[in-house]
> 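This is the structure, below, for whatever I ask next.
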There are 2 protein chains.
Amino acid sequence: MRSGQITIKDIAKELGISASTVSRALKDHPDISSKTKEAVNELAKKWHYKPNAVALSLRNSKTNIIGVIIPEIVHHFFSSVISGIEDVASKAGYNVMIFQSNESYEREMENVQALLSSRVDGVLVSMSKETKDHSHFRELRDNGIPIVFFDRVCNDLSSDNVIVDDFAGAFAAVEHLIKIGCKRIAHLSAPQHLLLAQNRQKGFRQAMSKHKIPIDENLIIKCDSFDEAFLKTPELLALPEPPDAIFAVNELTAAGALLMVKKSGLKVPEDISIVGFTDGVVSRITDPSLTTLEQHGFDIGLKAAELIVERITAGDMDYEPVTKVVKTSLIVRGSTRPI
Amino acid sequence: MRSGQITIKDIAKELGISASTVSRALKDHPDISSKTKEAVNELAKKWHYKPNAVALSLRNSKTNIIGVIIPEIVHHFFSSVISGIEDVASKAGYNVMIFQSNESYEREMENVQALLSSRVDGVLVSMSKETKDHSHFRELRDNGIPIVFFDRVCNDLSSDNVIVDDFAGAFAAVEHLIKIGCKRIAHLSAPQHLLLAQNRQKGFRQAMSKHKIPIDENLIIKCDSFDEAFLKTPELLALPEPPDAIFAVNELTAAGALLMVKKSGLKVPEDISIVGFTDGVVSRITDPSLTTLEQHGFDIGLKAAELIVERITAGDMDYEPVTKVVKTSLIVRGSTRPI
DNA sequence: CTGAAAGCGCTAACAG
DNA sequence: CTGTTAGCGCTTTCAG
């Protein structure tokens, strides 16, 4: 067997015609005689001819590749997003190239370099927690590569964004806690340079003040992982006036808090109600299962991919950035007490 | 600003030299005068020149892309594998292209076509549950593209494999159940055309017979998802002689069984011990947390990626296939009673 | 030390 | 209806 894959030339040679004729025959060009077309198509099928995407990319200056940079793949939310992206992309004829930043700014910049080299047609990014400078993203745009940010977006770079309605989600969650009678609500929050964290905290505060509940700043702490919840929850419970509810910035943190509350002998939801954010498997599987906000990761992936495909096909880098907001939905489960 | 990215030609033109000189200068060719080199490198940096990977791919017939086909990204195990793959790949200078089969044979074949078209250098596959015919994978190989299967491997196609030691894992799990005194052990199993499912069941059977415990075939049922566990667990518990332990083929199934057992009023682990397979977040978060087998998804990804990179660099399709086995580790948690 | 030319696979303008 | 040519960006002989 010959090495390498079949090319248009191989077919041309076999049939004693020119490469361009083969090319035209394969795309059913009206100029070509049906006899030639038949012969070409038959041989192409027989030999399993597959157009060389690399050659096409070079010729058309279009790779049909969408690059994706995410902090961590191993994360229910992010893998859902990728799943959504892959879905839209494959339907639109694009392939998806994945890069992990591992929450490192350094790595994220390398990823961007690789993306530039690869000449991807568009890029989808959820920023690393470390990232504060955005010039590498600007470089993509300067090179005519459209970007859509999702979830962890840039506040200073004017850009296309697809985000969760963090504010409304947090607001709804906290309002729910208030409605079921909670008064001292703690908030386990993420670093405040993330827009997402800001908005969730804003939602928390606004819900509290709407219902005229004083905010105890001691109940708002930075705590955004399963392990950190193990450390910090006991401290909260040890306060002179401990909380009667916890609103956590994400699912794993909520699960960690839940475990620690139970371990300390308190009952959920009788003594303390807990609400998380993001509806992954985790929230369904804890005992009691977690009241949480469905974040619709898959939808975010869909929307982000649709938007980037739009930008790519428009081919015009002079667009007005849009921000698409995906609504969250409050899912009430066992970790909050009934009204 | 010019549209498209900077090319070697742009630099050549600006400097009044030829493209080939620029090319050589950029790769520090000894023939080139240091003055020229300096000028070229300076301008390249100033203009943010990035070599066009597409052109390189075409020229070298090498894309530096590794294609990955997996059933579902949204799955702790698979996303861990991808993470491992991405890690190795990026270090070795490869990019990773992701395709989901969504457990569909149809889709998997389309993925392979896309991979062929993309001229990826190598492919990593975990087969869909539906796949019984493997000619599409053979086509990859016939075109000189090496494949490494992981986790869900092909039994009839002789190929490189990276698998979990399912047999030993299952054996260890069941032996542990026996040691803590369980006698009637149920096995929630996956479809038997998957090698993985066969091996786990074999491990189950062998452990039982080693300890001379009779196997009740009514306690071996096909049940491999969270929802299915909701349906089938009550049936098991309603048997005249219900089980005193459950060994589930995966984590979510174990979690589903756990919930149903608790719901039926029985206590875990006092009345029934449960062991799962795969150590994802889920197993750590259930109450009690699940005794399970760490499947080392990340390691599988590492190994698979290392192997494919090896095959690619060897560039010889005439190799003796190897099967690498990643050991599982039994993690004992609260869902099994102490000895 | 540098340049011109050819070729990776494909297509589109141009020319019969 | 079909072939020739040129070019996408890059490297690598071969010539100077």
Side-chain angles (χ1 to χ4, degrees), chain A residues 2-41 43-44 47-65 116-121 143-144 315, chain B residues 2-41 43-44 47-65 116-121 143-144 315:
Chain A
R2 53 191 306 295
S3 82
Q5 291 177 231
I6 302 293
T7 74
I8 241 173
K9 263 192 185 169
D10 298 321
I11 296 180
K13 197 177 295 171
E14 176 76 10
L15 261 36
I17 57 181
S18 79
S20 39
T21 304
V22 175
S23 169
R24 284 187 275 241
L26 286 170
K27 41 181 33 89
D28 204 22
H29 191 105
D31 276 2
I32 305 295
S33 77
S34 46
K35 229 178 61 185
T36 313
K37 277 183 195 171
E38 260 173 56
V40 168
N41 282 309
L43 191 58
W47 281 0
H48 296 281
Y49 167 76
K50 299 273 156 8
N52 183 328
V54 179
L56 284 172
S57 297
L58 184 59
R59 171 146 232 284
N60 305 328
S61 317
K62 181 157 194 313
T63 52
N64 279 294
I65 297 176
L116 278 165
S117 218
S118 297
R119 303 300 199 255
V120 296
D121 293 338
N143 281 292
Chain B
R2 53 190 306 295
S3 82
Q5 290 177 233
I6 301 293
T7 74
I8 242 173
K9 263 193 186 168
D10 298 321
I11 297 180
K13 197 177 294 171
E14 176 76 9
L15 261 37
I17 56 181
S18 78
S20 34
T21 304
V22 175
S23 169
R24 283 188 275 242
L26 286 170
K27 40 182 32 89
D28 204 22
H29 191 106
D31 277 2
I32 304 295
S33 75
S34 46
K35 230 178 59 185
T36 313
K37 277 183 194 169
E38 258 174 55
V40 168
N41 282 309
L43 191 57
W47 281 0
H48 297 281
Y49 167 77
K50 300 272 155 12
N52 183 329
V54 178
L56 284 172
S57 297
L58 184 59
R59 170 146 233 281
N60 304 329
S61 315
K62 180 155 193 314
T63 51
N64 280 295
I65 297 176
L116 278 164
S117 218
S118 297
R119 301 301 198 258
V120 295
D121 293 338
N143 282 292

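Proteins come first, then strands; the chains are lettered A, B, ... in the order of their sequence lines, and each starts at number 1.
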> Are any side-chain N or O atoms of B:Thr7 and backbone N or O atoms of B:Lys9, one a donor and one an acceptor, separated by less than 3.5 Å?
yes
> Determine, stepwise, if the pair A:Val40 / A:Ile32 fulfils side chain to side chain contact (heavy atoms under 4.5 Å, CB included).
CA-CA 11 Å; A:Val40 168; A:Ile32 305 295; over 6 Å; no
> Name all residues meeting the side chain to side chain donor-acceptor pair (under 3.5 Å) criterion together with A:Thr36; count only those two or more places apart in sequence or in a different chain, and write none if there are none.
A:Ser33
> Report yes if at least one side-chain N or O of B:Thr21 is closer than 4.0 Å to OP1 or OP2 of C:dT2; otherwise report no.
no
> Side-chain donor-acceptor pairs under 3.5 Å in residues 50-57 of chain A, sequence neighbours left out?
| residue | atom | partner | partner atom | Å |
| --- | --- | --- | --- | --- |
| A:Lys50 | NZ | B:Gln113 | OE1 | 3.0 |
| A:Lys50 | NZ | B:Glu139 | OE2 | 3.0 |
| A:Asn52 | OD1 | A:Val54 | N | 2.7 |
| A:Asn52 | OD1 | A:Ala55 | N | 3.1 |
| A:Ser57 | OG | A:Ala53 | O | 2.8 |
| A:Ser57 | OG | A:Lys62 | O | 3.4 |

> Show me the side-chain donor-acceptor pairs of residues 21-29 of chain B shorter than 3.5 Å, one per line, residues at least two apart or across chains.
| residue | atom | partner | partner atom | Å |
| --- | --- | --- | --- | --- |
| B:Thr21 | OG1 | B:Ser18 | OG | 3.0 |
| B:Asp28 | OD1 | B:Lys37 | NZ | 3.0 |

> How long is the line joining CG of A:Asp28 and C1' of D:dC1, in whole Å?
14 Å
> When the distance from NZ of A:Lys62 to C1' of C:dT11 is rounded to whole Å, what number comes out?
16 Å
> Do you know the tightest heavy-atom contact between B:Ile8 and B:Ala19?
CG2-CB, 3.7 Å
> Name the nucleic acid region contacted by A:Ser57, choosing base, sugar-phosphate or nothing; use a 4.0 angstrom heavy-atom cut-off, strictly under.
nothing
> Would you kindly compare A:Ala19 and B:Ile17 by the position of their nearest DNA chain C nucleotide and give the one closer to the 5′ end?
B:Ile17
> Enter the distance from A:Ile65:CD1 to A:Arg119:CZ here, rounded to the nearest 0.5 Å.
12.0 Å
> How long is the straight-line distance from CD1 of B:Ile11 back to CD1 of B:Ile17, given to the nearest 0.5 Å?
8.5 Å
> Within this structure, what is the CG-to-P distance between A:Asn64 and C:dC10, rounded to whole angstrom?
15 Å
> Rounding to a whole Å, what distance do you find between B:Leu26:CG and D:dT11:P?
8 Å
> Using side-chain contact (heavy atoms from CB on, under 4.5 Å) as the criterion, list what pairs up with B:Glu14, not counting sequence neighbours.
B:Leu43, B:Trp47
> Using whole Å, what does the distance between atom P of nucleotide D:dC10 and atom NE2 of B:His29 come to?
18 Å
> Do any N or O atoms of the protein come closer than 3.5 Å to N or O atoms of nucleotides 5-9 of chain D, and which pairs are they?
| residue | atom | partner | partner atom | Å |
| --- | --- | --- | --- | --- |
| D:dG7 | N2 | A:Arg59 | NE | 2.6 |
| D:dC8 | OP2 | B:Lys9 | NZ | 3.0 |
| D:dC8 | O2 | A:Arg59 | N | 3.4 |
| D:dG9 | N2 | B:Ala55 | O | 3.4 |

> Detail all sub-3.5 Å separations between protein N/O atoms and N/O atoms belonging to nucleotides 14-16 of chain C.
none

> Find the bend of the helix from C:dC1-D:dG16 to C:dG16-D:dC1 as the angle between its two terminal axes (five pairs each), to the nearest 10°.
60°
> Let me know the distance between CG of B:Leu15 and C1' of C:dC1, rounded to the nearest Å.
15 Å
